[in-house]
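In listed order, ligands and their atoms are each counted from 1. Just so you know, residue 1 is the first one in the sequence shown, and it goes up from there.
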Amino acid sequence: MGIKGRRSQEIYDVVGIGFGPSNLSLAIALEEHGESAPRHPVTSHFFEKQPAFGWHRDMLLPSATMQISFLKDLVTFRNPLSRYSFVSFLHASNRLVQFVNNQDFFPTRHEFHQYLEWAAAGLGDRVSYGTEVTSIRPVTEGGGGGAPDLLEIEVRDGDGTTRVVAARNVAISTGLVPRLPDGMDGHERVWHSSEFLSRFGARAPEDLRKVMVVGAGQSAAEITRFLHDSLPHAEVSAVIPSYGYSIADDTPFANQVFDPSSVDDYYFGTEQARDSFWRYHRNTNYSVVDADVIRSLYQRSYEEQVHGSRRLHFRNLTRVDGVKSAGDETRVVLRSLLDETVEETAVDALVFATGYDGLDPALLLGEFDRNFERDAAGRHRVERDYRLVNASGLTCGVYLQGGTEHTHGLSSSLLSNIAVRSGEIADSIVLRRTERELGRTGPVEKASSAV
Ligand code: FDA
Ligand code: NAP
């Protein structure tokens, strides 16, 4: 299969696909490696399809706060002396003293976004925005018959033209994939939470008299609160599959599941140990809500009862089974889990805050994916250093930042461990490059044992 577009001459040590927080953190780790080894830096470039840096912009709701401490920033757990820390950002913004006075470990998402943009600006020469990677394929340098040792990465620029860049490794960090319930599609009046603010902004508030939010996770609760604030004339309904919102467990012992050391416990643990992580600690992240948001929603509901006029409704033990759209009308099919009764109701907007699927590298790898091993459950096998296990002697590496919950545990899709993970990936790339240059081919000692 041929690839269109002209190939640039340079062969990068690593090309990053996506420039969200994970690959931003990797770019910094690589830069800091270069500062400590200036004669042999790791060459890298990153491609990001958004026109500028943005981190879940459509969920930057006014009062949303971070779900991790500010110290779990892009760098601190790997290198507390880094100039890219959140504390450095505060210092550069003349807000360090006030931040400390504020005594809050959890900044707003708005402020954290400012931090990420500030850090991304420092790496501006390393990233091309408005560029989408569309495929990756292996080639052998010089066209000989040996095992592929190079990756060609096809990049589509904003104007639709394509070009090809070459690298020894790629770091795929394309993020979570929005999930709608089976058989349901988004449109003008049916939105996923990941596109919320853009969709909401495109509608006149007076046209939104009856809105419904589906789900019992953090996104659903934040959007329900936002709609209740922003649409004082509207009926706001929350469709909750559980009996009520459940609290996100961020107490200290449970929070240890996000410690950098938990990755080894998960990766090298028995199947039973891994199951225990999920059985006991899924409620640190999925289908759960921060306590302050739960309280705020309950207080609103109670206030409405006190005043005898209710427009905030919670439909508990209920799931959405379907959506019917005809002309200007959208009807939602609701199924009560209590008695299996089914009801239809008309809405002006329906927001599916129904979560995300993990990153799937096969979408980008296409045919090339056949080179990588899968486990009995059909999931990619991944080495401890986040490199896909290949079955065909490739010396070039495909690293994952995300999509490794089955091998590396709960922090895989989160920010908690990105500083350390990026450092581990940078170390692996350097180590494997050294091995290659020394002419050895065996697996790197620490990074071997594949799950
Ligand atoms: P992210 O999704 O941020 O970045 C991926 C990037 O790749 C995107 O910018 C995308 O445009 C780009 N891209 C995709 N395909 C591409 C292609 N083919 N070519 C080029 N570019 C491509 N976690 C946490 O620990 N604490 C928190 O407070 C939060 N808060 C939070 C809020 C909301 C609303 C959501 C939905 C999620 C969170 N999370 C979170 C979890 C979240 O996954 C995490 O914060 C980061 O977004 C993970 O960063 P990544 O860089 O891995 O993915
Ligand atoms: P989520 O936690 O996966 O929650 C999805 C919810 O949708 C679940 O309650 C699920 O119920 C429900 N659901 C799915 N299909 C349904 C149906 N047909 N009918 C009714 N309900 C249905 O997703 P999320 O809230 O988007 O959170 C994803 C990640 O983003 C988490 O890491 C979260 O912490 C993060 N986040 C962070 C912030 C912040 O930092 N402030 C804000 C938003 C999100 P079941 O469990 O029964 O399937």
Side-chain angles (χ1 to χ4, degrees), residues 16-26 46-61 63-69 72 106-109 112 116 127-136 153-156 172-184 192-194 196 213-223 238-242 245-246 248 250 258 282-290 293 315 317-322 332-335 337 352-359 363-364 400-403 410-418 421-422:
I17 306 173
F19 201 60
S22 300
N23 266 352
L24 170 53
S25 173
L26 176 62
F46 293 79
F47 295 97
E48 166 56 52
K49 68 179 178 184
Q50 296 186 81
F53 183 86
W55 176 58
H56 303 303
R57 278 184 188 274
D58 276 327
M59 279 296 290
L60 282 180
L61 304 174
S63 46
T65 55
M66 292 301 294
Q67 297 198 294
I68 46 162
S69 158
K72 291 188 174 181
F106 302 92
T108 61
R109 288 200 55 237
F112 205 77
L116 295 173
V127 53
S128 300
Y129 291 101
T131 56
E132 181 174 6
V133 171
T134 52
S135 67
I136 305 166
I153 299 121
E154 188 178 54
V155 181
R156 185 166 52 217
I172 302 181
S173 181
T174 47
L176 298 165
V177 181
R179 182 176 58 223
L180 290 171
D182 284 348
M184 292 174 226
H192 186 267
S193 55
S194 58
F196 176 71
V213 184
V214 186
Q218 185 71 16
S219 298
E222 287 185 7
I223 289 173
V239 177
I240 301 175
S242 54
Y245 298 110
S246 288
D250 66 347
F258 302 119
R282 193 177 186 278
N283 69 342
T284 52
N285 186 44
Y286 289 111
S287 308
V288 287
V289 181
D290 284 347
V293 185
R315 323 242 340 194
L317 292 178
T318 304
R319 297 188 79 86
V320 170
D321 265 5
V332 189
V333 182
L334 299 172
R335 178 170 53 88
L337 304 178
F352 277 117
T354 44
Y356 297 80
D357 290 321
L359 177 164
L363 298 175
L364 266 178
L400 298 185
Q401 296 237 57
L410 274 95
S411 60
S412 294
S413 69
L414 301 175
L415 302 178
S416 323
N417 194 40
I418 57 173
R421 181 176 69 196
S422 295

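At least one side-chain heavy atom of Met59 sits less than 4.5 Å from a side-chain heavy atom of Ile223. Considering only heavy atoms from C-beta on, Val239 stays 4.5 Å or farther from Val332 through its side chain. Glu48 has its side chain out of reach of Asn23: every pair of non-hydrogen atoms, C-beta onward, lies at least 4.5 Å apart. Between Ser128 and Phe47 there is a side-chain heavy-atom pair separated by less than 4.5 Å.
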Starting from the N and O atoms of ligand 1, find every protein N or O within less than 3.5 Å and list the pair with its distance.
from     : atom 1 : to     : atom 2 : distance (Å)
ligand 1 : 7 (O)  : Ser173 : O      : 3.4
ligand 1 : 9 (O)  : Glu48  : OE1    : 2.8
ligand 1 : 9 (O)  : Glu48  : OE2    : 3.1
ligand 1 : 9 (O)  : Gln50  : NE2    : 2.9
ligand 1 : 11 (O) : Glu48  : OE2    : 2.7
ligand 1 : 18 (N) : Val133 : O      : 3.0
ligand 1 : 19 (N) : Val133 : N      : 3.0
ligand 1 : 21 (N) : Lys49  : N      : 3.1
ligand 1 : 25 (O) : Leu415 : N      : 2.7
ligand 1 : 28 (O) : Gln67  : N      : 2.9
ligand 1 : 43 (O) : Ser413 : O      : 2.7
ligand 1 : 45 (O) : Trp55  : NE1    : 3.2
ligand 1 : 47 (O) : Trp55  : NE1    : 2.9
ligand 1 : 47 (O) : His56  : NE2    : 2.9
ligand 1 : 51 (O) : Pro21  : N      : 3.2
ligand 1 : 51 (O) : Ser22  : N      : 2.9
ligand 1 : 51 (O) : Ser22  : OG     : 3.3
ligand 1 : 52 (O) : Ser22  : OG     : 2.6

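Here's the thing with Arg319: one of its N/O atoms is less than 3.5 angstrom from an N/O atom of ligand 2. An N or O contact shorter than 3.5 Å is missing between Arg282 and ligand 2 by distance. Not a single N or O atom of Thr354, backbone or side chain, sits closer than 3.5 Å to an N or O atom of ligand 2. Where the criterion is an N or O separation shorter than 3.5 Å, residue side chain and backbone included, Val320 meets it with respect to ligand 2.
By the definition of a contact as any protein heavy atom under 4.0 Å away, atom 30 (O) of ligand 2 is not in contact. Distance check for atom 38 (C) of ligand 2: a protein heavy atom is found below 4.0 Å.
Ligand-side atoms of ligand 2 in range of Thr65: 39 (C), 40 (O), 41 (N), range being under 4.0 angstrom from any heavy atom. Atoms of ligand 2 found under 4.0 Å from any heavy atom of Leu414 (numbered from 1 in listed order, with element): 32 (O). For ligand 2, the atoms lying closer than 4.0 Å to a non-hydrogen atom of Pro181 are 18 (N). Atoms of ligand 2 lying under 4.0 Å from at least one heavy atom of Gly355, given by number and element, are 3 (O), 5 (C), 23 (O), 26 (O). Against a heavy-atom cut-off of under 4.0 Å, Tyr286 is close to the following atoms of ligand 2: 2 (O), 3 (O). Of all the atoms in ligand 2, the ones that sit under 4.0 Å from a non-hydrogen atom of Ala216 are 6 (C), 8 (C), 9 (O). Residue Glu222 has at least one heavy-atom neighbour below 4.0 Å for each of these atoms of ligand 2: 38 (C), 39 (C), 41 (N), 42 (C). Below 4.0 Å from some heavy atom of Arg109 lie the following atoms of ligand 2, by number and element: 39 (C), 40 (O), 41 (N).
From Asp321, atom CG reaches atom CG of Asp182 across 11.0 Å, with rounding to the nearest 0.5 Å. The distance from the OG atom of Ser412 to the CZ atom of Phe258 is 10.5 Å, given to the nearest 0.5 Å. Separation of atoms CG (Leu334) and CZ (Arg319) is listed at 12.0 Å; rounding is to 0.5 Å. Note that the OG atom of Ser22 and the CG atom of Leu415 stand 7.0 Å from one another [nearest 0.5 Å]. For the atom pair CG (Leu176) and NE2 (His56), the distance works out to 6.0 Å, reported to the nearest 0.5 Å.
Of all protein heavy atoms, the one closest to atom 34 (O) of ligand 2 is Gln67 OE1, 2.4 Å. Residue, atom and distance of the protein heavy atom nearest to atom 20 (C) of ligand 2 are Val214 CG1, 3.3 Å. In this structure, the protein non-hydrogen atom closest to atom 32 (O) of ligand 2 is Asn285 OD1, 2.5 Å. Protein heavy atom closest to atom 26 (O) of ligand 2, with residue, atom name and distance, is Ser219 OG, 2.6 Å. Looking at atom 28 (C) of ligand 2, its nearest protein heavy atom turns out to be Tyr356 CD1, 4.0 Å. Nearest protein heavy-atom neighbour of atom 4 (O) of ligand 2: Gly217 CA, 3.8 Å. With respect to atom 11 (O) of ligand 2, the closest heavy atom belonging to the protein is Pro241 CG, 3.4 Å.
Between His192 and Tyr356, the two ring planes are perpendicular [angle over 60°; tilted spans 30° to 60°].
Shown here for Ser422 and Leu26, the closest heavy-atom pair between the two residues is OG-N, 3.3 Å. Across all their heavy atoms, Val289 and Ala216 have their closest contact at CG2-O, 3.5 Å. When all heavy atoms of Val293 and Ala221 are compared, the pair lying nearest together is CG1-CB, 3.8 Å. A pairwise comparison of heavy atoms in Phe19 and Phe53 identifies O-CE1, 3.2 Å as the closest pair. Here the closest non-hydrogen pair linking Leu414 and Ile418 is O-CG2, 3.6 Å. Scanning both residues, Pro107 and Ile68, for their nearest heavy atoms gives CD-O, 4.5 Å.
Contact annotation: for Phe352 versus ligand 2, there are no heavy atoms closer than 4.0 Å.
Counting heavy atoms only, Ala353 comes closest to atom 5 (C) of ligand 2 of the residues Gly215, Ser287, Ala353.
Side-chain atoms of Asp290 and Gln67 form a donor-acceptor pair, as typed in the model, at a separation below 3.5 Å.
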